[in-house]
Amino acid sequence: MIFCIVGPTASHKSELAERIAIEFNAIVINFDAFQVYKEMNLGTAKPSEDFLNNHDNYFMYNFRSIKDPYNVFLYQKDARKLLEQYKNENIVLVGGTGLYLKALLYDYRFEEEEKMPEDYLENYTSEELYQLLLKIDKDDALKIGPNNLKRLKRSIYISEIHNKTKTEINNNLKDSLLYENVCFVGICPPREELYESINSRVDIMFENGLKEEAKSLLSINGVNQALHAIGYKEFSFGLDDEETKELIKKNTRNYAKRQLTFFRHQFKDVTRFEDLDEAFLYAKSRY
RNA sequence: GGCCCGAUAGCUCAGCAGGUAGAGCGGAGGACUGAAAAUCCUUAUGUCCCCGGUUCGAUCCCGGGUUGGGCCA
């Protein structure tokens, strides 16, 4: 059985994962884009180093350096290998990056390709790129819209290196789940409770030395990825500690909302619970 | 006690020769196939402090309150 635990940040997914793992003697595979990096700890709310050192059934944590950025393509490859390797055992998937989970379990296809250069099409305005993509792949252009620079570039890049448009590549694919015996368990606390939980978790991160960890991470050269991580990037804005803390809380709240939207719409067969115990009982009942 | 300034969206504030109001922030909803903790889209709300008066019509003008701040005693 593959248990997937989905829910926003700070909803105690890890705790549920651990309980299920103990109950069914399962391995745990992380699907969180930032918990894979060994240099990031406090800000990512990952299980402690001690805990991970003492549990050899936890995978996809701390195995990558921030200097060597990871992405969905690599994640899909690595995590699918694990699913194959442990296919006769119980597995718990837990994390917060919806795209990673979706790419792992569903028919998402990626091909080997050269990394898109940092300066790819950098001299074009988004309006110009939009006009360009309208000619190459109208459907995708309309879907992306004229303002999403990142996606416009990516779509143009795909058509350039694969000789097929993004729409052509994706149209052949159905939105189908590739694995059997998958049980989706959603945790979805009331909004107010979730936000309180986020706020107090950020306070605790600060008490535990988030500032120091962030500063040391940001001092490493070429850590672009970290510049995008909530709980780290905010320290480079020149704000005082209190402002930084409040901004991290806000960004985390906004992030949690985006996660809720993604999980709600991208995963159809999720049974949701406000309460952790009920979620656990449900998982047991489905076994 | 006297004088002055303010009171408008959840917050900070703008506005109006009198024709029932708008920005930013926050909030809410949404998209999502190689940065996804990223990137992008959409959107709501108001006894314009209260009570009277003038007026066809008052958030705006007048009078009286309430309340916050400042100055003087």
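So that the names make sense, note that chain A is the first sequence line, chain B the second, and so on, each numbered from 1. Source: prediction; values computed, not measured.
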Q: Which nucleotide in the set A35(B), G29(B), C32(B) lies at the smallest distance from any side-chain heavy atom of Arg264(A)?
A: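 Nucleotide nearest to Arg264(A)'s side chain: G29(B).
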
Q: Does a donor on one side chain sit under 3.5 Å from an acceptor on the other, for Asp140(A) and Thr167(A)?
A: no

Q: Using the P atom as the reference point in each nucleotide, state the distance between G64(B) and C3(B) in Å, no decimals.
A: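 So the two P atoms sit 10 Å from each other.
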
Q: Give the rounded distance in Å between these two atoms: CD of Glu113(A) and C1' of U33(B).
A: 11 Å

Q: The side chain of Tyr108(A) lies closest to which of these nucleotides: U33(B), G29(B), A37(B)?
A: U33(B)

Q: Report yes or no: do Tyr106(A) and Gln76(A) form a side-chain donor-acceptor pair below 3.5 Å?
A: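 Their side chains do not contain a donor-acceptor pair, so the 3.5 Å distance test is not met.
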
Q: Roughly how many Å is it from CG in Asn148(A) to C1' in C32(B), rounded to a whole number?
A: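 It works out to 9 Å between those atoms.
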
Q: Can you tell me how far C1' of A35(B) sits from CD1 of Ile66(A), to the nearest Å?
A: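 Rounded to whole Å, this separation is 11 Å.
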
Q: At less than 4.0 Å, is any side-chain N or O atom of Lys257(A) found next to OP1 or OP2 of G29(B)? Yes or no.
A: yes

Q: Pick base, sugar-phosphate or nothing for Asp175(A), based on heavy-atom distances below 4.0 Å to the nucleic acid.
A: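 No contact.
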
Q: With side chain to side chain donor-acceptor pair (under 3.5 Å) as the rule and sequence neighbours excluded, what pairs involving residues 227-236 of chain A come up?
A: Glu213(A)-Tyr232(A), Glu234(A)-Asn251(A)

Q: Tell me yes or no: between the side chains of Asn147(A) and Tyr130(A), is some donor less than 3.5 Å from an acceptor?
A: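 Side-chain D/A pair, Asn147(A) to Tyr130(A): absent.
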
Q: Please list, pair by pair, any protein nitrogen or oxygen found under 3.5 Å from a nitrogen or oxygen in nucleotides 41-43 of chain B.
A:
| unit_1 | atom_1 | unit_2 | atom_2 | d |
| --- | --- | --- | --- | --- |
| C41(B) | OP1 | Asn147(A) | ND2 | 2.9 |

Q: Ignoring hydrogens and angles, state whether a donor on the side chain of Glu39(A) or Ser65(A) is under 3.5 Å from an acceptor on the partner side chain.
A: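 Their side chains do contain a donor-acceptor pair, which is all the 3.5 Å distance test asks for.
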
Q: In terms of side-chain heavy atoms of Lys150(A), which of G27(B), A38(B), U33(B) is nearest?
A: A38(B)

Q: Expressed in whole Å, how much space separates the P atoms belonging to U33(B) and U8(B)?
A: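 These two P atoms come out 45 Å apart once rounded.
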
Q: Applying salt bridge (Lys or Arg N to Asp or Glu O under 4.0 Å), can you list everything that pairs with Lys115(A), at least two apart in sequence or on another chain?
A: Glu118(A)

Q: When you compare G1(B) with A14(B), how far apart are their P atoms, in angstrom units rounded to a whole number?
A: 30 Å

Q: Among the nucleotides U33(B), G27(B), A31(B), which one has an atom lying closest to any side-chain atom of Thr261(A)?
A: A31(B)

Q: Can you pull out the residues from residues 200-214 of chain A that lie within a 4.0 Å heavy-atom distance of RNA chain B?
A: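 RNA chain B contact set from residues 200-214 of chain A: none.
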
Q: Quick one: is G27(B) close enough that its OP1 or OP2 comes under 4.0 Å of any side-chain N or O from Arg253(A)?
A: yes

Q: Select base, sugar-phosphate, or nothing to describe what Leu149(A) touches, counting heavy atoms under 4.0 Å on all strands.
A: nothing

Q: Using the side chain to side chain contact (heavy atoms under 4.5 Å, CB included) definition, which of the options Val94(A), Val185(A), Val92(A) pairs with Leu16(A)?
A: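 Of all the options given, the one that passes is Val185(A).
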
Q: Could you pick out which residue, His228(A) or Glu112(A), lies toward the 5' side of RNA chain B when each is mapped onto its nearest nucleotide?
A: Glu112(A)

Q: Please say whether more than 12 non-hydrogen atoms of neighbouring residues, nucleotides or ligands are located less than 6.0 Å from NZ in Lys268(A).
A: yes

Q: Given the C1' atoms of U47(B) and U66(B), what is the spacing between them in whole Å?
A: 16 Å

Q: Using a cut-off of 4.0 Å on non-hydrogen atoms, how would the nucleic acid contact of Tyr100(A) be classed: base, sugar-phosphate, or nothing?
A: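 If one applies the 4.0 Å heavy-atom cut-off, Tyr100(A) turns out to touch the sugar-phosphate alone, with no base involved.
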
Q: In whole Å, what separates the P atom of C72(B) from that of G15(B)?
A: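 Per the computed distance, 29 Å lies between those P atoms.
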
Q: Scan residues 121-134 of chain A for pairs that pass salt bridge (Lys or Arg N to Asp or Glu O under 4.0 Å), counting only residues two or more places apart or in two chains.
A: none

Q: Charged N to carboxylate O below 4.0 Å: is that the case for Glu84(A) and Lys81(A)?
A: no

Q: Do Ile2(A) and Phe59(A) sit in the same hydrophobic cluster, where Ile, Leu, Val, Met, Phe, Trp and Tyr count as joined when their side-chain heavy atoms come under 4.5 Å apart?
A: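 As far as the 4.5 Å side-chain criterion goes, Phe59(A) and Ile2(A) are connected within one cluster.
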
Q: Looking at Arg151(A) and A35(B), is any side-chain donor or acceptor paired with a base atom of the opposite kind under 3.5 Å?
A: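 Answer is no: no donor-acceptor pair is held.
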
Q: Could you tell me how far apart Leu178(A) (CG) and U33(B) (C1') are, to the nearest whole angstrom?
A: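 One finds 13 Å between C1' of U33(B) and CG of Leu178(A), rounded.
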
Q: Sequence neighbours left out, what passes salt bridge (Lys or Arg N to Asp or Glu O under 4.0 Å) with Glu23(A)? Give chain and number order.
A: Lys284(A)

Q: Does anything in residues 269-280 of chain A form a salt bridge (Lys or Arg N to Asp or Glu O under 4.0 Å)? List the pairs, not counting sequence neighbours.
A: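 Salt bridge (Lys or Arg N to Asp or Glu O under 4.0 Å) check on residues 269-280 of chain A returns Arg19(A)-Asp277(A).
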
Q: Looking at side-chain heavy atoms only, is the closest gap between Thr125(A) and Leu149(A) below 4.5 Å?
A: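 Result no, sub-4.5 Å side-chain heavy-atom pair not found.
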
Q: Which nucleotide sits closest to the side chain of His265(A): U33(B), A31(B), A28(B)?
A: A31(B)

Q: For RNA chain B, which residues in residues 31-48 of chain A have a heavy atom at a distance below 4.0 Å?
A: Asp32(A), Ala33(A), Phe34(A), Gly43(A), Thr44(A)

Q: To the nearest Å, how far apart are Arg258(A) CZ and A28(B) C1'?
A: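 Value for this atom pair: 14 Å.
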
Q: Looking only at atom P, what distance separates A37(B) and U42(B), rounded to whole Å?
A: 23 Å

Q: Provide, to the nearest angstrom, the distance between the OH atom belonging to Tyr106(A) and the C1' atom belonging to C32(B).
A: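 Tyr106(A) atom OH is separated from C32(B) atom C1' by 15 Å.
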
Q: For Asn62(A) and Lys46(A), does a side-chain donor sit closer than 3.5 Å to a side-chain acceptor?
A: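 Distance-only check passes for Asn62(A) and Lys46(A).
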
Q: Could you state the atom-to-atom distance from CE of Met116(A) to P of A36(B) in whole Å?
A: 13 Å

Q: When the side chains of residues 189-197 of chain A are checked against the rest of the protein, which donor-acceptor pairs come out under 3.5 Å, sequence neighbours left out?
A:
| unit_1 | atom_1 | unit_2 | atom_2 | d |
| --- | --- | --- | --- | --- |
| Ser197(A) | OG | Ala10(A) | O | 2.9 |

Q: Give RNA chain B the dot-bracket treatment, 5' to 3': Watson-Crick (N1-N3 with N6-O4 or O6-N4) or G-U (N1-O2, O6-N3) under 3.5 Å, [ ] crossing, | other strand.
A: (((((((..((((.....[..)))).(((((.......))))).....(((((..]....)))))))))))).

Q: With nearest nucleotide decided by heavy atoms, which residue, Thr97(A) or Asp140(A), maps closer to the 5′ end of RNA chain B?
A: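 Upstream on the strand: Asp140(A).
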
Q: Whole angstroms only, please: what is the CG-C1' distance between Asn71(A) and A37(B)?
A: 16 Å

Q: If you draw the axis of the six-membered ring of Tyr108(A), does the NZ or CZ of Lys102(A) fall within 45° of it and under 6.0 Å from the ring centre?
A: no

Q: In residues 229-252 of chain A, which residues come under 4.0 Å of RNA chain B by heavy atom?
A: Ala229(A), Ile230(A), Lys233(A), Lys250(A)

Q: When you measure from the side chain of Arg191(A), which nucleotide among G27(B), A36(B), G29(B) comes out closest?
A: G29(B)

Q: If we take the C1' atom in both G10(B) and A28(B), what is their distance in whole Å?
A: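 So the two C1' atoms sit 12 Å from each other.
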
Q: Report yes or no: is the cationic atom of Lys245(A) (NZ for Lys, CZ for Arg) closer than 6.0 Å to the six-membered ring centre of Phe206(A), at no more than 45° off its axis?
A: yes

Q: Run the salt bridge (Lys or Arg N to Asp or Glu O under 4.0 Å) test against Arg286(A) and tell me which residues pass, sequence neighbours left out.
A: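 Listed in chain order: nothing, the list is empty.
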
Q: Quick one: label Gln266(A) by what it contacts on the DNA or RNA (base, sugar-phosphate, nothing), any heavy atom closer than 4.0 Å.
A: base

